[in-house]
Every structure is written in C-alpha cells, then in structure tokens.
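In what follows, a single structure is set out as structure tokens and then discussed.
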Amino acid sequence: MTNSIGELEWADCILVTGSNTSETHPVIATFIKRAAYLHGKTLIVIDPRRLYLVRHAHLWLRQRPGSDIAVLNGLMHVIIRDNLQDHDYIARRTENFDALKETVARYTPALVEQVSGVPAADLERAARLYAAAPRAAIVYAMGITQHTTGTNNVISLANLAMLCGNVGLESGGVNPLRGQNNVQGACDMGGLPNVFSGYQAVTDPAKRWKMEAAWNVRNLPDWEGLTLTEMLPGIAEGRIKALYIIGENPVISEADADEIINPLKELDFLVVQDIFLTETGKLADVVLPAASFAEKDGTFTNTERRVALVRRAVPPVGQSRPDWQIICELSRRMGYPMDYAGPEEIFEEIRRVTPSYAGVTYRRLEQEGGLQWPCPHPEHPGTRFLHQDRFTRGLGRFFAIDYQEPTELPDDQYPLILTTGRVLYQYHTGTMSRRAPGLVEKAPECRVEMAAADAEAYGIQDGEMVRVCSRRGEIKVRAQVSFKAIPGTIFIPFHYYEAAVNRLTIAALDPVAKIPEYKVCAVQIRKLRPSPPKAAAAAEAESHGGSP
Amino acid sequence: MSAPRMTINGVPVEFSPGQTILEAAQSAGVSIPTLCHYPDTRPTGACRVCVVELEGARSLVPACATYSAPGQVVHTDTERVDAARRMVLELMLASGNHNCLICEAGGDCELQALAYRYQIDPPAFGKPPGTTYYYEDNNSMIIRDFSRCIQCARCVKACTDRQVNLAIAVGYRGAETTIVAAGDQPYIDSECVFCGECVQACPTGALLDKHARFLGRVWERQKVRSTCPYCGVGCQIDLQVKEGRIIQVTGADAVPNRGRLCVKGRFGWHFVHHPERLKTPLIKENGSLRKADWEEALNLVATRFAELKDREGPDKIGGWCSARITNEENYLMQKFMRAVLGTNHVDHCARL
Amino acid sequence: MKPLGPCESVPTAQMRQEVCDSLQALISRHRGRIGALLPTLQDAQRILGHIPLEMQQVIAAELKLSGSQVFGAMSFYSMLAWQPRGQYIIRVCGSPCCHLNGAAALLELLQEELGVPLGGTTADRLFTLETSACLGACEVSPAMQVNEVVYGRLTPGRVREVLSDYRAGQGPDYRDLPYSTCDFREFRRAPGESLLLENVGLIDPLNLEDYLKRGGYTALEKALTSMTPEAVIEEVKLSGLRGRGGAGFPTGLKWSFTRPLPASPKYVVCNADEGEPGTVKDRYLMEGDPHKVLEGLIIAAYAVGAAHGFIYCRGEYYLSRHRLQHAIDQARERGFLGKRLLGTDFSCTVELRSGAGSYVCGEETALIESLEGKRGFPRLKPPFPGVVGVQGQPTVVNNVETLANLPAIINRGGAWYREIGTPDTPGAKIFQVMGQVRTPQVLEAPTGMTLGDLIQVYGGGVRPGRTLKMIQTGGASGSLVTRAALKTPLDFGSLEAAGGALGSGTMLVMDDSTCVVDFLRCVAAFFAHESCGQCTPCREGAAWILEVFTRLSRGEGREGDLDFLLRLADTLKDASLCPLGQSAPVPLLSAIKHFRPEIEAHLKDKTCPAGVCRFD
C-alpha cells in the first residue's frame, strides 16, 4: 500500500475495486466502513459482485468481469472532459499526460456502458465524486491483478490516482491489499528471482558485490531466476531438477495433475518444509516439520509495509523446528555455517544489507509496536505514505492503456462467467482454517454462489449439488443462491481440495506479472440430478401449500 | 494561548477542547468508573456508572458523554454521586444471575471490580429464584448467557461502531430490553460474521469465547503479543497461553487493528495444536513416507543438494520462499539459495 | 402486551408474489426519505397484519440496513408486530385515568368474552387482545380501540355490542366518523374568547374553505408578506408564549437559538405525539381544526428558516392523521405549502409521520430518533435539537397547542396576547379535568383559573357521596396534590410553587374511593412499560418500582420497601438519562409525602384503607 490502513478512515472518498475487503481483509474493511458509516465519507465500489461493502457504498458500479480498464478509462474521460483533474499536480509531478488524454478521449460514457455494462450516469457520478474529494484513496486486490490485463489494470488505477493528485498525500494513494500475512515480507526479503532483499537487483554488480561482502561469498549468480509459474514447466524442460519448498502447497487436488503433480513427480529431489503434511508434501522425498508462527520469534511485514514482531508463545510441537533453524542446519551441513543465536541476529544482518529496513530494530518494534519501511536509520519514524515529494523514478508517468477483452468470454456452450476468490471463513488452501471448528462450522464445504435468477433459469434449488464445467475440467459443488451474486456471473472459492476450482480456471498469464487470469473464465452449470417432470414438481408444490 | 481550564474535585485542571469530562479527569489522574464507555465508539452515556456532579446542572451528568467546558466545576466523588453509582450497580447486580463462582469472567469482570470497589453486597432485592434467562450455545465459537448481561450495549457499540458489521442491536424496550440479532435469531442463523468483537467488548461474562471456557482464569494465563498469521493486514493479537497451550486469542489495542480482529484471527488458531501437525521429519522410502530423525533427514537433504549442484549445476535447483514464514526465514532462504546453492531460482506464491 | 421472542418465518404460501410486489412497491415509495424504515414497516404491516422475518430481510436489504437494525427498531414500538395476529387488534387502555374508571374489569370482561388471555388471538383469528399504555381517550374512559376506532364510556353491554358488530363484519370506517371520542360541543365552554378551540366542532375539518372563512391563513400571509422572520420571532418573544407540551420553555427564545445558525437545511417538527396520560387536547385541535396547527407550523418554519416540516403524530391517533394529511394536501393545492409561498421567496413542505406506540417518543430527542427511523432512544443533551436535531441539522420541535397559538399572536400582536392569563404563563391554555369527576372536561381558558374552579365548575366536582382525595397534576409524571392546593392558579409557576406541575394542563382528580397504592402501581406500570430501556436507573428502576407497588397492593410488602423506594427514586431523579426516568418517581415521592400512613398500612398492617387492594 502506498498509504496506511488507518488513514483510510479519514479519506474523503474511497474507491474499492477488485477487493472483497470485508471478507478477505475484514479488519481493513472496518476502516473503510467506519469512514462511510460513521464519518459520512464517500465510498464507491466497483465490482461485479454485490459485496457486503456495497451496503455502505454511495455508489456501486457493476462492471462485466474483465472490463476494468474500460471503466477506469471512462472515469478519466469524464474527469478530463469536465476539467476536474488536478492541473497543478499533473504539471509538477507527472509526465506523458497528453498520451493518456488522447487515449481516454475515446472512452465516452456511452462506449463504456456498452463494453462494461456500467450505466453512463453512474460512471459520471462516480467520476465526479472521486474527483471532488480532496483526499481519495483507491483500494484494490486480486480482483484487479488476476487478469491477463492485471498489470495494465494496476497502471490504470495509478493513472486515475495521479490524474486527481491523489498519490503522495495522507489518506490517498493506490493501495493493493496483500492476501497473505507475510507476502509483503517475502518480497521485501528477496524471495523473488530478480532481487535481493530491499528490491536490490541481482543483475546490478554493485548490489552483488555488496551482498558478496556481507555474506562472505564470491560469485553470486548474476542472472535473473525463474518465477514460480515458470519453474513448473521448467521441470519438464529439464531446467529444474530439484525443488526446496517452504510453506507452500501448490497441489491442492488431483485436479492439479497435469500442471503441478506430474512435474513435481519428475523432479530428482523434492524437499517440502511445512507445519502439516500437505498434498504437496506427500510427493516429497524429504518432509521437514516446521514450527508454526506461535512457536517462534521473528517479524512479519504487513500490507502497509509495517514490520511487526511475531513472538514465541508455546513450544514447538513434537520435534518441529522454526524454519530458520532448519535452514541454518542445512547450510552448516553444506559447508556454509550460519551461526545465528536467533531471529534478532538475523534481523540485524537484514538491517545492514537492506536500506529500507536499516532503521528497524527489535528494540524499536518492541517499544513502538511496528514500523513502516522505508525506515532508513534508527531515528527515522518510518513512512506512513509513499511518494510524498517525488516518485521513486522522479516524475510519475502516465501510461495510455487500452481495454482488452479477457481471454475467454462466455458463449452459447459456456454461458456463465466464473470468478474465484475467498470467503470470509476460509483462507487459502485451508491448511490452517479448515482445522478450526468455528470456521468449518460456518463454511464446511465449497459452495457456488449464484444469483436467484440464474438458479431459476437452470432449475437449481438452493443447497443442491451441481456440476460446473469449463473447457478444462469440471467440479461438483453445492449451490448457494446468494444475494451477492449477479445474474450471469457465478463465484466459487478456491479453498477446497474436494472442489478445486482451479480445475476450471484458465492458465492465461499476465505477460508482465505472470499472474493467472483467475477472475474470468467461461463455464456452464448443470443440475447433478435431472429435475422431476414439471407435473410432478407442480403437484409437490401444491402439497406444500402453494407455489414458490 | 493557554489551554482551557475547569475544576475537578476542587483542583484546577487543564483540558483540550473536545475532551469529555471523563477524559479530562483521566488526564488529571482522577479515576471515574465506567461500564458502557468503550474506546473508538460513540458515547451513549447509558449505564450511568460514570455520573458526576456538574455545578449548575439539575441532575448528575455522565462523564463519558459530557464535554468539558471552560469554567466547569465538577465533583466526581460526592455522597450524591456515590449514592447514584451504588444504586446503579445494585440494579445491575439484581438484574441477572451474577454469581461469580464459575463465571468465566471472574477476575476479569468490570462489574465484579466495581462491586468490589464500592463494596456492594448482593442486593437484598432481586429476581425471584428460578428466573430464567436466554442462553445460547448452538454454535462453536460464542456463548451468549443473558443471565450475566447488564445491557451496557458495549457489544452493540463494538459491532456497530468498531466493526461496522451491524449484526446486533438493542432490541425490545424497558425491562425487556435485550440485545438482538436480526429477527432475534441466534447468532448462527443471523447476519453475524463471528468477528467476536462483542465477546472482547463484554465487561462481564455474558458473551464468552466458547473454546476458552473453563480452560483458565485470567490470572493463570500468560498473554503473548504477536502478529496474526492469516491475511496481510498484520493484526496485532494477544495469544493467551496456559501451560504451553493457546487457549484464546484476543485483539491487541495496537496499530493497525486497534483491538479489532476477524473470525479467522480470533477463532482460527486451532491448527497450532492440531493432532495432524508434523512432529518428525519424514523420508520417502519405496514410495511412502517414513519417520526419520533430524540428523538423517538433514544429512540426506544436504548431500542430495550438494550432489545435484555438482552434477547438474546450481541453476537446476529452485527454492520457494513463503508468505507464511517470517522475514528472517525468508531472508535466510534466499540467502541459502543464492549464497550456498548459487541459484536465483527463488520465488514465492505472491501471484496466486 | 405483545409477545416477545424471535420472529417466526412465514410459510412460503404467505410470501406470495403479490405480497412481494406490494412490499417492493411500498419500499420504493419510502426509499430515500429521512427515516424511511418506520413508515416502511408501518405500511408493510398492513399487508399481512404483521412483519415476518422474510419481509424484514427484504426491507433491510432494500433500505441498506441490517436485519438487526430493522428488528431493533421494530421491537421498540408496541404497535409493530412480527408474529401473526388477528384481523382486529383490540387495545384496552390501561392508563391511570381508565384504571380509575374500571379498566381492569373491562379487560377481564374482554378476556372472558373472547376466551383468550392478554396478548392472545382468538381461534378464528378475528381478534387479538392487547393493552395500550394510554389511548388518549381519557375524557371517555374507560376506553378501548379496535384497529383504528376508539370506543369510550364502555359498559359491559357496550363491549358486547361492539364485539358482535365486528363479528358481523360491521366495524365502522374510522374516516367516516365525525370525531374519535366525542363531540367537543358536548362540553361547557369557559367564559371569554376562544383562540385555540375557536373552530373545533364548528367547522368541517376536511373543508379548507371553512377555515379560510374564519380567518384561516391570514396570519401566515401577514407573516410572510409583511414581517421578517426576525420580526416574527420578536413578536412571539413579546407574547411570552411558553411551550404547551409540558416543559413551558419560552417559544420565541427557542426559535432565536436556531434562526441565526448558518446550517442548512433546518427543520421544524410539530410534536403531535400526545402520549401523556390524561391529555387529549392536541387531538381536539388536530381532529377539529387541522389547518390551524398546520398554519402555526408553517409560521414556525418561516421564523427559523426551515424549508421542511414534520408532523409526528402518535400511532393511536388515526383520525387526527387522516385529517392532517388531508389538510396538508389541501394546503399544498392552495399554495400554502410548496414552492415560493404566496409569491414570496419562502418555500416549505410538510410531511406527516406516525408514531408506532411509544410514550417516550414525545420527548423531543426521542421523537427525532424515531423520525430518523430508529428506536426512540432519547439523546444526550446538550447538544439541543435546536442546534443538532434531525440528521444532525438544527431542528425546532414545538407542541401542537403551542403552534395553534401562533395565528392569533401574529394577527393580533404579542403585546395583546401577553395581556391574557397570568404574567407567568401568558395566554390561553387548553385544560383537561379528568378522572373521578362528574363531567370530565376539555376546555380552553386563560391561564390563572384556579385548580378548584377547574374541578368544581367545569369538572362538576367529585361524584355524589365522594370526597376529593388527591389530584395528579400535569400528567402521569406529575406530583400529587391534595385539597390544600385547590386555590392554586393554573400556570407553570404557581403550580410548581404548590408542589404540582402544569404539565400538559391535565388534572387527574381522585376521590376517596381511590387507593394511593393501587393508583401508584398503575402509574408505575405505565413507566415500566414506557421506559425506553437505555439507561440503567430507569430500565431497571422503573420495573422495581412496579414490583414493589405490586407487592404492596397484595399485602406482600417487605420491611425496607419504603426506604428502597426512596433510594431508588433519588437515583432515578438524579441519574436517569432523560426526563422520563427523571420524572418517573415524582408521583411516588409526592405520595409518600402526603399519604405515608396509607402506604404504611399496606406494608405493616396489610390493610387497604380505601378498600381497593385485595389481600388474598
């Protein structure tokens, strides 16, 4: 996030798009809801589903899945047409505005309505509300990124924010919500193929020399590694022979056979390190038992770049060990001793080699309860929002982006759009959440959320088992007629291995970020059991005292 | 410009504009008891435990909901105030079954603490024996025991103002006033999303974390501050531990969550002690995994990695970091891959 | 009494398509209005007679509310139901006045006739038997209401007659009735000129021409065309008019706080939630001369700079609302409401809202909460509504009778008005003498008439063979006074000095057949029923006062009960959140002062000197 979670509460306008915030980031949603409900601030939701957040929204734009860029360009069209943009900001802090202006000029509200289904009048209102707010924040999540146009979607949001001078001020910004507890930290720490910790490029010799000196090694590799989505196909191509997987479970069902299980089986050597024996672990040559978050010390970095302490509360179960100890042991055995007394000592090393973390210490975290990077020196208070005076590259650059259709659109054979995501009560592949009785009670099984109109059209009753098929596969799942769903679009969460929705989704990747298009594909839905003949159904209804 | 001043218990006190009498008193070190008052919510001034004497006002005023004004003269501890507070507490004690013996809130109950502070015996008046109260125990997370409810409505404030879930409200009226979910249905059948904010807000034992019940008194627990392991918000949590086991998780009043949690953070910690946790290393032998000790497993991994590195080259080994493990561990993992194995094939599942 | 407990779901059969359609239709009528929930619920209840869970869910979703907000609000109001009821709701008035005149026997009779307990519904689903805290029909007590229609002066024979009419499907349409209780002209008039009730009973309340012929809307015209809003306020200040709702706050002064505020919009609200037991005066004005009330409200709106007014009329007053709505529509047609009134720059609309069975909603901040579609929880003051009112905007709330004074003040001047009545409370006042007098009366007179004259001359004195025992002054929350106070002039200051209160101008007279304990038990039941439940002293305390008086009246009093009552009363007075709780113990404190021996007889000797309480 460019800005902080707490700042959301005081934004004059919040635009939430591609984020089911109240289910996937419920506590961030409390700040958004407080802004709208308690402080009367403007909330605009752009989402194909009628999310819980919509109840608090002043305006809900319901776009066709995948038409985000058209909508965003439409908003910018109205803003520029009505001369509502922040001229001073554009002049002072940005470049390439003319290219943007030229492109969005084509996105008239009428055209956008045609492409996205968002009524032109609503688009105009939203544009004016966003532009009128002195401080407007944009919040988004995977609903924006999990598209073949994901990178362009994000750039379009940045265009919109810069257009109205909303980047680099408190309670504004463009704020991606990260889905997992330490996904931010994993990136910050160099858990990426192209950078060391602090996003220092492995291809930059100066950075390599610095790390070599710090680590007391020579000849660190100077090439960019493969991404996770490239490594799997890389196995078949012979480019990868062994994998060491910590805390990830790419296999959640046999449905993953072609793409994931088969390659993993072909590896010469697979090590999986986790707290449970996952589906992936079952394929491993060696499984190493790790301690859970409650059994070790350390830090996580949250979605607002805040580093916070994790503390050992209970002893590790059985012989399990914290992951850092296991890595140290392996390293020692491979002739490179890592003799850290504990996480704090590792963190001290991180500080030394990572400029944005240089000012963070355990002591400060203890006393100040979390610090937001960049925090370059021990007196630095941390950074609540980014780009205050200048962008990382100097001027903010507008990119003219055109709308592009999703890879797969519904047709006669597969008439419905499937979109995927999370539900409130489950998390990811369920390794943790499906072991909590309360969460299981509320969300025991996979359910496809569908609109009452679709249920009626396909003769499906609430609670009955249905079959959902795409060109790639099919799953059986229980139907749930939901207020959240909109006719023509169904939603299936991805937490359940029994009904692995990724069997249905399309493997098309965003060309830059390599993120799959999980949010749009075409499917069909059918009853599992054929319906009783019409006459019998009518008689049954009669005996129950009336028509439904 | 000097700060405005008022007088509390005869002592001139400075306050900042917008402060309530309660806040002004607190900053001046004067303790005023409260019950319905709850941070980050709009004051209702309903329980009347915090009433004080304000010169010029006809009746007592609630300190939590009355704003300080220059020249105000406030008395927080007069006989008149004391009489009202004592009666209010007696009425609360008489309103339900406030038997502290096996109440989960014992030692952590604000009503109990105030009864102690004001030395209030169980009131001579009370509901007739055999009075029944609504009791709800039909879900696996929250117990609602209205025999201990004092209608302070802090749960409603927590649900409405802190979480803005609007799942519960004050319902009915008069002596029948009670807290209701939609249609006065049980939580499990209502719009409640089980964030548990109400449980955390309850000053008595009326709303309970069902898992923690009878597992440990407040003074037997150790509170360990940590960070929630679920989504990317990084909520600060207090793991409440007794004898090496987590028995409850509560939201810590810290940035970013300010005490709030969601259902996963509060009720989703059972995986830590789950019997299926991996307890020993496993090694695949003849197609199936068998238990092994650390020496064997680590040596095997180290040897195979070394072999593969020598035979195939470092760029044939990939490592997956994780969004679930700590910064320190991610850092070590990439360091291990890069410095020890010599590969940049390092990634994690941020994209999924 | 209405049943508590969770909502029942209705069988699918009952949520037929036409039910859903009419629900959606009425929701879209109300959506977007301030406090849309309450009118939506009131209209929705007409569809099935109650509002089942499924309807609540639809309403919540469509109005962007949560289900708990919907149920929380609806369960506050005694006239809204979520469980099935009969076709006709019989509400027996249980107010102190009706109680004195035999309400208990009436209720017993009805239970017997219908064969159902209180709260029950007959097997044929024709009748549901409920009680009402006060129907506002005190001059014809004992009374009951069947759906919209009020029946007073009930005798067993009359009750049976009414029931058989309904059984035969011959209940009247309330809109066709000339009045809801009785013809005002039945009553005696006080000497002197009438300002308030001048038209009541003489004009056709549905005919604007009648009102215009008698000088209607001339004051509005004068104010709008020849006076600035400030001048109107000055005139009203000069008149010395004090609010007639009960608190007696100077009206002009109240307006002068709101007028200069720069906030926009501002609102004016006519408080027509006449719920004070013994009080019926506002109903006479609304039923008999609705345009006068409306004219007063528009003048108030002009004075404070409000472009929108509400009339919040209690739920039980169906005929009043019918006539007010008619008046609003007529006024709009004739240009007394709407845009640019009478060619000036001033625009004003007025919206009629209905209460739903809650006494506390007569308290101005509770009324505002109710207008906003919420539970009638009184707000903390300050801020006062004049600064922060409806939806946070400055709002002036005036009582019906207060507003009815305005046309005369504007037309004839504040100085003229000030000469009427006493210097403490200048002007004309509608008094009500109720209870155990020969002729319960509603009459208008200048303030200053003595309490004794009101009772003797107009109330006709106590019934033959009885002696005057006590008078509850000003309403259910007023103190009791005895014969010693009979010489007191009726105005705010004098009555207060005499230990009583003018309140709404009602005086409940009780003779020696009344037991003070039995009476106080009835008053306590009223407050326990009407406590909003928000603050601890009133929620719990009002119930305990009722409990103690109930046991005293059964001879089950305990040692220490009186001390407990006194302690409780102190806390209620001193620590309750709103005027309802603060005044709830007033009657019992005055009773303990004047009638302690009689109460102690119940406690110590287990005897009832008046012979009312039965100790079985």
Side-chain angles (χ1 to χ4, degrees), chain A residues 5 26-27 33 37 178 180-183 185-186 189-191 215 217 221 225-228 231 240-248 269 285 287 289 292-294 298-300 302-303 308 310-311 313-314 317-319 323-324 327 329 333-334 336 343 346 350 369 432 435-438 441 515, chain B residues 140-141 163-164 224 226-227 229-235 239 241 244 254 256-257 260 262 267-268 270-272 274 277-282 284 297-298 301-302 304 308 312 316-332 334 336 339-340 344-345 347-351:
Chain A
I5 293 169
V27 175
K33 291 184 285 184
Y37 183 77
R178 310 302 302 257
Q180 298 177 67
N181 57 330
N182 201 29
V183 68
M189 290 300 108
W215 293 347
V217 290
L226 298 177
T227 66
L228 191 140
M231 278 190 234
I240 294 289
K241 296 283 184 188
L243 276 180
Y244 179 14
I245 301 180
I246 299 183
E248 296 287 0
F269 192 54
D285 296 288
V287 178
S292 73
F293 86 105
T299 56
F300 289 155
N302 77 352
T303 187
V310 174
R311 287 190 182 82
V314 294
V317 66
Q319 296 175 34
D323 295 280
W324 65 268
I327 298 167
E329 283 291 329
R333 282 171 163 79
M334 295 190 68
Y336 182 85
I346 304 171
I350 296 171
M432 285 149 59
R435 289 184 164 91
E441 179 180 21
I515 296 177
Chain B
S140 61
M141 294 172 269
Q163 289 275 353
V164 200
V224 182
S226 195
T227 303
Y230 279 98
C231 77
V233 181
C235 293
L239 299 169
V241 175
N257 52 312
R260 302 169 214 158
C262 76
F267 296 115
H270 294 73
F271 69 90
V272 172
H274 198 277
R277 276 285 301 277
L278 279 170
K279 296 187 186 72
T280 63
L282 304 171
K284 186 155 281 174
L298 288 169
V301 175
R304 292 298 311 273
L308 278 159
E312 308 277 353
K316 294 289 192 288
I317 306 178
W320 292 13
C321 290
S322 172
R324 312 288 164 66
I325 62 176
T326 64
N327 286 327
E328 292 76 1
E329 291 164 342
N330 274 306
Y331 173 82
L332 278 199
Q334 59 99 26
F336 173 74
V340 182
N344 274 332
H345 297 323
D347 201 5
H348 68 279
C349 77
R351 293 172 179 84

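Counting only heavy atoms from C-beta outward, the side chains of A/I246 and B/E329 never approach each other to under 4.5 Å. Looking at B/R324 and A/F293, their side chains never come closer than 4.5 Å, going by heavy atoms from C-beta outward.
Your options are A/A308, A/A242, A/G185, and the one with the most heavy-atom pairs under 4.5 Å with chain B is A/A242. Note: B/A302 leads B/G319, B/A302, B/A297 in heavy-atom pairs under 4.5 Å with chain A. Annotation: maximal heavy-atom pairing with chain B below 4.5 Å, among A/I245, A/T303, A/I5, occurs at A/I245.
For a residue to count as touching a neighbouring chain, one of its non-hydrogen atoms must lie under 4.5 Å from one of that chain's; by this rule B/C235 touches chain A with the side chain only. Contacts of A/M432 with chain B are made by both backbone and side-chain atoms, with heavy-atom separations under 4.5 Å. The contact between B/V241 and chain A is made entirely by side chain atoms (from C-beta outward), counting heavy-atom distances below 4.5 Å. At a 4.5 Å heavy-atom cutoff, the contact between A/V217 and chain B is made by side-chain atoms alone. With a 4.5 Å cut-off on non-hydrogen atoms, B/V340 touches chain A through its side chain but not through its backbone. Only the side chain of B/V224 comes within less than 4.5 Å of a heavy atom of chain A; its backbone N, CA, C and O stay farther away. For B/I325, the parts sitting under 4.5 Å from any heavy atom of chain A are the backbone and the side chain alike.
No donor-acceptor pair closer than 3.5 Å links the side chain of B/H345 to the backbone N or O of A/G225. A donor-acceptor distance shorter than 3.5 angstrom exists from the side chain of A/K33 to the backbone of B/Q163, with no hydrogens or angles considered. Side chain of B/D347 to main chain of A/L228: a donor-acceptor pair is present (N/O by atom type, distance under 3.5 Å, no hydrogens or angles). Side-chain atoms of B/N344 come within 3.5 Å of backbone atoms of A/P221 as a donor-acceptor pair (strictly under, hydrogens ignored). Looking only at distances, no side-chain donor or acceptor of B/H270 sits under 3.5 Å from a matching main-chain atom of A/R435.
For the pair B/R304 and A/F269, the cation sits on the ring face: its NZ or CZ lies under 6.0 Å from the ring centre, inside 45° of the axis.
The two residues A/F300 and B/N327 come nearest to each other via the heavy atoms C-ND2, 3.7 Å. Of all heavy-atom pairs between A/E441 and B/S140, the closest is OE1-OG, 2.5 Å.
Once rounded to the nearest 0.5 Å, the distance linking CG of A/N302 with CG of B/N257 reads 9.5 Å. To the nearest 0.5 Å, atom CD1 of residue A/I346 and atom CG of residue B/L332 are 4.0 Å apart.
Remark: the A/Q319 side chain and the B/T280 side chain contain no N/O donor-acceptor pair separated by less than 3.5 Å.
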Show your working on side chain to side chain contact (heavy atoms under 4.5 Å, CB included) between B/S322 and A/Q180 and close with a plain yes or no.
-> CA-CA 10 Å; B/S322 172; A/Q180 298 177 67; over 6 Å; no
